Amino acid sequence: MTAWAKLTAPQIGALVEKQGRRMAVLPIGATEQHGPHLASGTDTLLAEAICGEACRRRNVLMLPAIPYGCSFGHSDAWPGTISLSPETLASVLCEVSDWAIRTTGIDRLLFISGHATNGPSIESAILRLRYEHPDVRFATRGLWEISAEALRLYTLDAADIHANIAETSMVMALDPGMVQMEHAEDVEDVTIGKIWRYAMPAVTPNGVVGRPSESSAKLGRDMLDRIIDDFEALLEMAEKEEWPVMPAATKGEVK
């Protein structure tokens, strides 16, 4: 078991100090509307489930998932969304990370987001953390960025996805009580080829982008298995990666 919240202080300390498990993963989700058929905790559920299983396999510590993200793009057009500001989310990530580093000895921290617009806050936090902890390494991925196959699966029916086939199918596989398929409504992605970026109320009447009506628990289980496998492989690569070797500076030939 490597879920931080389920371990005692001595167990966490033993993993880090005695077993040298100094890398950790922090899942970051969101609490936001996911159309008329899908639960508001979808992004957190998926981030926690995928990270949890891959971390268990690799014996990597997983910090408790953060259930709130930056969901300003959903505004208040539909009920269910609770959003942090970009600045607040970045500050939360910095403070959580600082505690994990100072009190536990973590020296590599991978942020995994289940929600796209958490990205700027995570990148901002990494800039600050890298400055304050130069001996610690940080990186981030969205669930759809874990591998090329993860991106393909996430975008089967839409590029600007939300409550689509992938999300709906995976939630069906994990917790069918969080899905009401009788209320699933499909909405075409109208953002393809656009230059400007648009908030959800400008592009969908119901908070959905994609074809959730085509979802199934079997498809979701297949997707989860593949993405978890790919994340396990990514964690293995991250564990083995050494610091870059500083090259020697050379003078160019004067012509």
Side-chain angles (χ1 to χ4, degrees), residues 26-52 64-93 96 111-125 140-145 150-151 153-155 157-181 183-191 197-213 215 220 223-224 227:
L26 176 56
I28 307 151
T31 299
E32 61 181 32
Q33 70 80 24
H34 269 73
H37 73 285
L38 199 55
S40 62
T42 289
D43 295 339
T44 307
L45 174 73
L46 295 179
E48 190 168 34
I50 290 169
C51 291
I66 295 177
Y68 300 108
C70 180
S71 301
F72 277 13
H74 295 272
S75 70
D76 56 0
W78 306 279
T81 298
I82 300 173
S83 180
L84 301 178
S85 70
E87 298 84 1
T88 298
L89 179 56
S91 292
V92 168
L93 295 177
V96 169
F111 300 103
I112 298 293
S113 177
H115 173 57
T117 56
N118 289 342
S121 297
I122 298 172
E123 293 289 359
S124 178
T140 182
R141 296 285 191 282
L143 292 176
W144 52 93
E145 297 171 320
L151 179 61
L153 292 172
Y154 255 87
T155 58
D157 55 341
D160 186 26
I161 62 164
H162 202 253
N164 69 335
I165 291 175
E167 291 191 325
T168 302
S169 294
M170 288 189 284
V171 174
M172 289 175 74
L174 290 168
D175 190 343
M178 292 175 64
V179 187
Q180 298 183 32
M181 282 301 293
H183 297 303
E185 300 172 346
D186 298 346
V187 177
E188 176 189 359
D189 183 359
V190 296
T191 67
R197 299 178 65 179
Y198 298 90
M200 293 294 288
V203 299
T204 171
N206 62 1
V208 172
V209 179
R211 300 191 302 275
S213 66
S215 304
M223 289 178 169
L224 286 164
I227 295 172

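Small disclaimer: the values here were computed from a predicted structure and weren't measured.
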Q.
If you compare all heavy atoms of Leu174 against all heavy atoms of Pro176, which two are closest, and at what distance to 0.1 Å?
A. C-CD, 4.0 Å
Q) Can you list the steps and then say if Val96 with Leu26 is a side chain to side chain contact (heavy atoms under 4.5 Å, CB included)? A) CA-CA 9 Å; Val96 169; Leu26 176 56; 4.2 Å; yes
Taking distance alone, no hydrogens or angles, what donor-acceptor pairs closer than 3.5 Å link side-chain atoms of residues 70-80 to residues at least two apart or in another chain?
| from | atom 1 | to | atom 2 | distance (Å) |
| --- | --- | --- | --- | --- |
| Ser71 | OG | Glu32 | OE1 | 2.6 |
| His74 | ND1 | Gln33 | NE2 | 3.0 |
| His74 | NE2 | Glu32 | OE1 | 3.3 |
| His74 | NE2 | Glu32 | OE2 | 3.1 |
| Ser75 | OG | Ala77 | N | 3.3 |

Q.
The criterion is side chain to side chain contact (heavy atoms under 4.5 Å, CB included); which residues satisfy it with Val187, sequence neighbours excluded?
A. Thr204, Pro205, Asn206, Val208
Q) If you look at every heavy atom in Leu93 and Ile122, which pair is closest and at what distance? A) CD1-CG1, 3.7 Å
Q) Just by modelled atom types, is the Gly210 backbone N or O under 3.5 Å from a matching donor or acceptor in the Asp157 side chain? A) no
Q: Say whether, by atom type as modelled, one donor and one acceptor occur between the side chain of His162 and the main chain of Gly207 under 3.5 angstrom.
A: yes
Q. Is there a donor-acceptor contact under 3.5 Å from the side chain of Thr31 to the main chain of Pro67?
A. yes
Q: State the CZ-CD distance between Arg211 and Glu188, to the nearest 0.5 angstrom.
A: 10.0 Å
Q | Residues that Ser91 engages under side-chain hydrogen bond (donor to acceptor under 3.5 Å, both in side chains), provided they are two or more places apart | A | none
Q: For residues Ala163 and Leu38, report the shortest heavy-atom separation together with the two atoms involved.
A: CA-CD2, 3.9 Å
Q | Distance in Å, His37 NE2 paired with Met172 CE, rounded so as to fall on 0.5 Å steps | A | 9.0 Å
Q) Between atom OH of Tyr68 and atom NE2 of His115, what is the distance when rounded to the nearest 0.5 Å? A) 14.0 Å
Q: Could you check if a side-chain atom of Glu145 sits within less than 4.5 angstrom of a side-chain atom of Thr140, using non-hydrogen atoms only?
A: no
Q) For the residue pair Ala90 and Ser121, what are the closest heavy atoms and their distance? A) CB-O, 3.6 Å
Q) Minimum heavy-atom separation for Met170 to Leu46, with atom names? A) CB-CD2, 3.6 Å
**Q.** Partners passing salt bridge (Lys or Arg N to Asp or Glu O under 4.0 Å) against Arg141 (at least two apart in sequence or in another chain)
**A.** none
Q) Hey, are the side chains of Asp43 and Leu143 touching, using non-hydrogen atoms and a 4.5 Å cut-off? A) no
Q: Would you give the length of the straight line joining atom OG of Ser215 to atom CG of Asn164, rounded to the nearest 0.5 angstrom?
A: 7.0 Å
(Q) Are His34 and Val171 packed together at the side-chain level, in the sense that at least one heavy-atom pair is separated by less than 4.5 angstrom? (A) no
Q. Got a sec, which residues hit ring-ring contact (aromatic ring centres under 6.0 Å, His included) with Tyr154, two or more places apart in sequence or on another chain?
A. Trp144
Q: In sequence, state the C-alpha distance, the side-chain angles, and the governing distance for Thr168 and Met181, and then conclude on side chain to side chain contact (heavy atoms under 4.5 Å, CB included).
A: CA-CA 9 Å; Thr168 302; Met181 282 301 293; 3.7 Å; yes
Q) Between Asp160 (side chain) and Thr191 (backbone), is there a donor-acceptor pair under 3.5 Å? A) no
Q: Go through the structure and list residues passing side-chain hydrogen bond (donor to acceptor under 3.5 Å, both in side chains) with Ser113, not counting sequence neighbours.
A: Asn118
Q: Compare all side-chain heavy atoms of Ile165 with those of Pro212 and state whether any distance is below 4.5 angstrom.
A: no
